[in-house]
Amino acid sequence: MFVLLIANLIYNFRDYGVKNIDDKAHVLAKTIEHSLTSQMVTGVIENRELFLSQLEDLPNIDKIWLSRGKDVVEMFGIGFNNEIARDDIDKEVLKTGNIKRVISENIFSKSHYRITIPYKASTQGKINCMQCHTNAKEGDTLGAITITMSIDDSKEVGITTVAHAAIIALVLMVIIIFLINMLISPFLSVFDEIKRVMSKAQDGDYSQRIDNPEGKESKDVASWINGLLEKLESSLDAMDSKISVFLTENSVDEEDHLINVKNTVDRLSDVYRFRKTIEYDDTLEEVYSRLAHVFKEQLGLKDFNFFESDTIHNKINVVYVENQLYCDITQMGCRADRTNTIIDSTQFENVCSACTKCKETNYFCVPYSISNELDLIVSIYTNKEEETRRIRELIPYIKDYIDTAKTVIVSKKLMNILELNARTDPLTGLYNRKYLEDSIDKITAQATRANIKYGVLMVDIDHFKKVNDTYGHDVGDNAIKIVAETLTENTRESDIVIRFGGEEFIVLLYNCDEQAVEKLSLKIKEAFALKKIPAGNTTISKTMSVGTSMYPKDNDNVKNCIKYADLALYEAKETGRNKVVAFHEELLKK
């Protein structure tokens, strides 16, 4: 702005000076024109040389000369001192009739201004040029006057004025800069500090503070930002330390605490949603399926299996298979569970002998303790070592979900145990009467829908009361256990064996015809008769009676078939015991 201001002053002063000199030259040229015309009229034109030389003595006038046009030369000759065109400028003006200006400007030497003004023939005005210049026409250039003037005075005045203006502007600029610096410097200083602090915060370092602010406003801004950073740092540290206790430590931590907190909150939120979801699942199978869904959708795992290890009975069960079963884990056991360490095949090839189908596959097995009696083994399979390394980094996330599912798994296990206890006879381990009452309608519906036959057996120990009275209830319990053992040994897994109450048992033979029912009933009766029942220092033998019925031949409801089998059992007891009696309609009449 300072340079533009000075340039504008210089240009304006120069323009003003040139215009002023130009006006003076025009006035002088007009004066000379009128004077020469008057001299011509009065007949003293011969004295024009003296007149012109006197004009040259005027201030700043260097030279004045006249140049005659062609018409004037033809009539009056070249005049005194060869009054013809002296140079190309004179010739151009005489030819074109246009004013010509030439400025010679020098900063450190003299400067000159030259103007050549044409005189044109005219019949207008007080004097008619045509009276003397009869060979000229209106508008012809009769001659020209050239004036050269010094512009040093104007240049000096302009330079002095511009210099004074420049000094004033420079002083004003210095004052303004000083005032601006004094006013803005504190803000610039605090801005630099803010930039430094925020740059560190961008990299995750929230411990930096704005130091030594100047000015009240800067101190206020610094106080606000420092307070905000202090709250942010303390809050992030507190959140990171307190929230992270609910999760497994991450193997990869970001330098930025804010990102760490965000990742921790995201993980905690995902785990919490998972926990709330599995709490409403009905069965343990649903919980494992939900866990598998998380493995697939959120962790990007494609091939994995879940195994339950019963640490009390040293038994391993397969509870979930995503793709295929690679390990012969139920027969050969699990190295990860036995050693309680993570098994990684990329670190040692063929480390686990139970993985019989893993020659072309990497495996990663992680044991998790669910309770004192139960471990959960997660086996993950990949074809690339890079994927195995990624899985190794996912271990904390997997552990988060397993830890979250622990209580639900234990709860479901306990519920299964309680439900099993409620539906199982504690003496024999068979289903009890409550199980039959809860399941009979479902069994009937399934049998009706699938057109399945059932053979119904009602079994009772003959003269069981004498056993209790003679040998005591312990021997009676032994007799009941042996009945249960006999029934279990002679039935299939698809058959249902129930202790109905006391010494009575019910057997539901799945998809069985009458001949098979009779044959099996006799086999069970004979097998029990051969059993020896411990009774103190000796053993005893007992017999049993069996009543049978057929579903749906005898009735289209299994519950009624059980009643008919009970009638047949009563008939067997009334007719001598130790026999098998099949239901027939005559029994309903008794």
Side-chain angles (χ1 to χ4, degrees), residues 6-40 44-70 72-73 78-122 125 127 129 139-166:
I6 300 304
N8 183 62
L9 285 173
I10 293 173
Y11 175 79
N12 286 334
F13 271 104
R14 176 190 176 279
D15 188 63
Y16 174 76
V18 171
K19 187 176 183 305
N20 188 38
I21 293 172
D22 193 63
D23 290 341
K24 289 180 180 180
H26 275 82
V27 171
L28 183 59
K30 203 66 176 176
T31 301
I32 294 172
E33 180 186 1
H34 291 326
S35 297
L36 292 177
T37 302
S38 298
Q39 289 178 1
M40 187 181 296
V44 292
I45 191 62
E46 292 82 0
N47 297 325
R48 64 183 180 275
E49 181 78 20
L50 176 61
F51 171 68
L52 293 175
S53 63
Q54 288 177 337
L55 290 177
E56 290 178 353
D57 293 335
L58 293 174
N60 298 324
I61 301 298
D62 291 338
K63 290 182 181 181
I64 300 176
W65 70 84
L66 295 172
S67 302
R68 290 190 174 187
K70 179 178 66 171
V72 176
V73 171
I78 61 175
F80 300 114
N81 295 327
N82 196 15
E83 293 177 340
I84 60 175
R86 296 186 180 184
D87 53 25
D88 292 339
I89 296 176
D90 290 344
K91 292 177 182 179
E92 181 182 348
V93 172
L94 291 174
K95 181 179 179 180
T96 62
N98 296 325
I99 298 173
K100 183 73 174 181
R101 301 175 182 83
V102 178
I103 301 175
S104 176
E105 294 181 289
N106 298 291
I107 297 177
F108 301 106
S109 60
K110 292 186 177 182
S111 300
H112 299 278
Y113 174 83
R114 169 180 171 168
I115 185 170
T116 301
I117 303 173
Y119 288 147
K120 296 184 178 182
S122 175
I127 298 177
C129 298
D140 286 348
T141 302
L142 300 177
I145 182 170
T146 299
I147 305 171
T148 62
M149 306 171 64
S150 173
I151 59 175
D152 289 337
D153 290 345
S154 177
K155 181 178 69 174
E156 290 176 3
V157 171
I159 291 175
T160 302
T161 303
V162 170
H164 290 166

Mind checking what makes salt bridge (Lys or Arg N to Asp or Glu O under 4.0 Å) contact with Asp87, not counting sequence neighbours? Arg114
According to side chain to side chain contact (heavy atoms under 4.5 Å, CB included), who are the partners of [X], at least two apart in sequence or on a separate chain?
| X | answer |
| --- | --- |
| Thr96 | Glu92, Asn98 |
| Lys95 | none |
| His26 | Asp22, Ile99, Arg101, Ile115, Ile117 |

Could you pull out all residues at least two apart from Ser67 that satisfy side-chain hydrogen bond (donor to acceptor under 3.5 Å, both in side chains)? Asp90
Carefully, step by step, assess Leu66 and Tyr119 under the rule side-chain contact (heavy atoms from CB on, under 4.5 Å). CA-CA 10 Å; Leu66 295 172; Tyr119 288 147; 4.3 Å; yes
Is there a side-chain contact between Tyr113 and Thr148, using heavy atoms and a 4.5 Å cut-off? no
Any Thr146 side-chain heavy atom under 4.5 Å of Ile64 side chain: no
Gap separating the [atom1] atom of [X] from the [atom2] atom of [Y], nearest 0.5 angstrom:
| X | Y | atom1 | atom2 | answer |
| --- | --- | --- | --- | --- |
| Ile61 | Met149 | CD1 | CE | 3.5 Å |
| Lys63 | His112 | NZ | NE2 | 9.5 Å |
| Leu94 | Leu142 | CG | CG | 10.0 Å |

Minimum heavy-atom separation for Pro118 and Gly97, please, with both atom names. CG-O, 3.3 Å
